Amino acid sequence: MTIVLDGKKLSLESEKDFSSRVKKIHLNTNSIPILATILVGNDPASNTYVKMKGNACKRIGMDSLKIELEEKTTTDELREKIIELNNNDDVHGILLQHPVPDHIDERSCFDAIDIRKDVDGVTSLGFGRMSMQERAFGSCTPFGIMRLLKEYKIDIEGKSAVVVGRSPILGKPMAMMLLNENATVTICHSKTQKLSEKVSEADIIVGAVGIPKFIKGEWIKDGAVVIDAGYHPEKCGDIDLENIIPRCSAYTPVPGGVGPMTINTLIMQTLQSCENYLELD
Ligand code: NAP
């Protein structure tokens with residue numbers, strides 16, 4: 001029987017635990033975990049994502065500090081704002097919503113985030129530490145996927161995993177996380193040749209391409225675990241799911257699979273950061 005990797009269910013269940021941890025922090029220290037969200041410019045999708053993250057904070061009793069900066073903000077101005085938040089003891093996590101306008105050096109702004117507050121797992125240092133299996137917050141989408149795989153006891157060790165996409169916030173950290181769990185990992189990208197052949201060898205396939213239904217059901221072998229990180233306005237992901245669901249062993253639905261886990265992981269890591277700061281963990 002095909003297992004549905006239900007991110008919505010897991011995220012709702014874990015919110016109960018998060019709420020009680022927030023209550024405990026408040027009771028013991030009178031503090032409340034705070035996530036600072038930075039939105040630069042007026043991209044409607046980014047605006048929606050930031051709102052969803054603020055709402056998730058509210059649901060579990062955390063606060064969010066919403067910072068909205070004009071489209072014309074420079075790299076230096078954005079870095080200064082991040083440094084101000086690094087130095088603000090009331091803020092436990094910093095989210096810089098991706099993507100920022102083209103004229104901004106996004107990497108240098110991500111890397112200005114204090115590693116202790118990098119709850120979205122976007123800094124180069126955090127990526128390096130995670131890759132070396134040192135303590136660091138994981139990039140939220142791939143780490144959310146790892147949490148789902150763990151929850152449903154999906155075997156990773158020794159499996160052949162193919163990640164299609166190599167972005168710094170998704171494909172690359174996903175590949176490192178799977179490698180750290182002893183999968184044999186292939187990373188594919190826009191210059192990969194014979195992509196369908198590579199995908200057909202995967203026991204675990206992760207679609208992180210950004211093109212609706214780009215990965216075809218017929219490329220995927222029977223019994224594979226299918227993870228679709230994509231989300232498009234047509235309410236579909238990067239994988240042609242309809243044509244694989246009956247034949248795969250497990251899959252993430254779109255919506256309701258990877259998306260809720262991303263936000264849930266951001267909230268979890270902000271809470272963890274607050275507990276680290278207060279030395280409660
Ligand atoms: P991205 O930065 O645009 O990266 C896309 C990747 O796909 C790149 O590595 C690119 O290769 C590769 N690619 C593009 N065309 C390809 C082709 N024809 N064949 C093989 N590979 C190809 O996107 P992203 O930020 O990683 O996001 C990927 C998807 O995940 C999107 O659908 C996005 O909406 C979704 N996403 C979801 C969440 C969530 O919370 N659920 C969060 C983040 C992203 P090159 O490197 O060679 O250009």
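Every number for a ligand or one of its atoms is a count from 1 in the order of the listing. All of these numbers come straight from a predicted model, not from anything done at the bench.
Side-chain contact between Met62 and Ile267 is present, with heavy atoms from C-beta onward closer than 4.5 Å. Asp203 places a side-chain heavy atom less than 4.5 Å from the side chain of Lys221. Side-chain contact between Thr2 and Arg247 is absent, with no heavy-atom pair separated by less than 4.5 Å. At least one side-chain heavy atom of Leu241 sits less than 4.5 Å from a side-chain heavy atom of Ile244. Under the 4.5 Å side-chain criterion, counting only non-hydrogen atoms from C-beta, Lys117 is in contact with Val91.
Note: no N/O pair closer than 3.5 Å links Lys191 and ligand 1 by distance alone.
A search for ring-ring contact (aromatic ring centres under 6.0 Å, His included) contacts involving Tyr277 returns His92, not counting sequence neighbours.
Nearest protein heavy-atom neighbour of atom 31 (C) of ligand 1: Gly210 CA, 3.4 Å. Closest to atom 48 (O) of ligand 1, if we only count protein heavy atoms, is Ser190 OG, 3.6 Å. Among protein heavy atoms, the minimum distance from atom 44 (C) of ligand 1 is reached at Leu170 CD1, 3.5 Å. Residue, atom and distance of the protein heavy atom nearest to atom 4 (O) of ligand 1 are Ser167 CB, 3.8 Å. Atom 21 (N) of ligand 1 has its closest protein heavy atom at His189 C, 3.1 Å. For atom 37 (C) of ligand 1, the nearest non-hydrogen atom of the protein is Ala229 O, 3.0 Å. Scanning all protein heavy atoms for the shortest distance to atom 39 (C) of ligand 1 gives Thr262 OG1, 3.6 Å. In terms of protein heavy-atom proximity, atom 46 (O) of ligand 1 is nearest to Arg166 NE, 2.7 Å.
Among Ala208, Ala45, Gly171, Pro260, the residue whose heavy atom lies nearest to atom 6 (C) of ligand 1 is Ala208. Closest heavy-atom approach to atom 7 (O) of ligand 1 among the candidates Val209, Thr192, Val199, Ile145: Val209. For atom 15 (N) of ligand 1, the nearest non-hydrogen atom from the set Asp238, Leu266, Ile211 comes from Ile211.
Residue-ligand proximity, Tyr231 to ligand 1, at heavy-atom distances under 4.0 Å covers atoms 32 (O), 34 (O). The Gly165 neighbourhood of ligand 1 comprises atoms 6 (C), 7 (O), 9 (O), with distances under 4.0 Å to a heavy atom of that residue. Close contacts of ligand 1 with Gly259, meaning ligand atoms under 4.0 Å from a residue heavy atom, involve 41 (N). Proximity to His232 (heavy-atom distance under 4.0 Å) selects the following atoms of ligand 1: 32 (O).
Connection of Ile82 to Ile115 is not established within any shared hydrophobic cluster, with ILVMFWY side chains joined at heavy-atom distances below 4.5 Å, either directly or through further cluster members.
Heavy-atom minimum distance, Leu78 versus Thr73: N-CG2, 3.9 Å.
A donor-acceptor contact under 3.5 angstrom links the side chains of Asn276 and Gln272, judged on distance only.
Contact analysis puts Phe214 in contact with ligand 1, with a non-hydrogen atom separation below 4.0 angstrom.
When non-hydrogen atoms are compared, ligand 1 lies under 4.0 Å from neither the backbone nor the side chain of Ile263. Contacts with ligand 1 closer than 4.0 Å are made by side-chain heavy atoms of Thr141 only, the backbone lying farther away.
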For this session: Just do the salt bridge (charged side-chain N to carboxylate O under 4.0 Å, His left out) check on Lys72 and Glu70 with the steps written out, would you?
Result: CA-CA 5 Å; Lys72 63 176 202 255; Glu70 291 179 26; 2.9 Å; yes
Exercise. Passes side-chain hydrogen bond (donor to acceptor under 3.5 Å, both in side chains), Thr75 versus Asp105? Steps please.
Worked result: CA-CA 6 Å; Thr75 299; Asp105 177 352; 5.8 Å; no
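Counting only residues at least two apart or on different chains, no ring-ring contact (aromatic ring centres under 6.0 Å, His included) pair has a member in residues 96-135.
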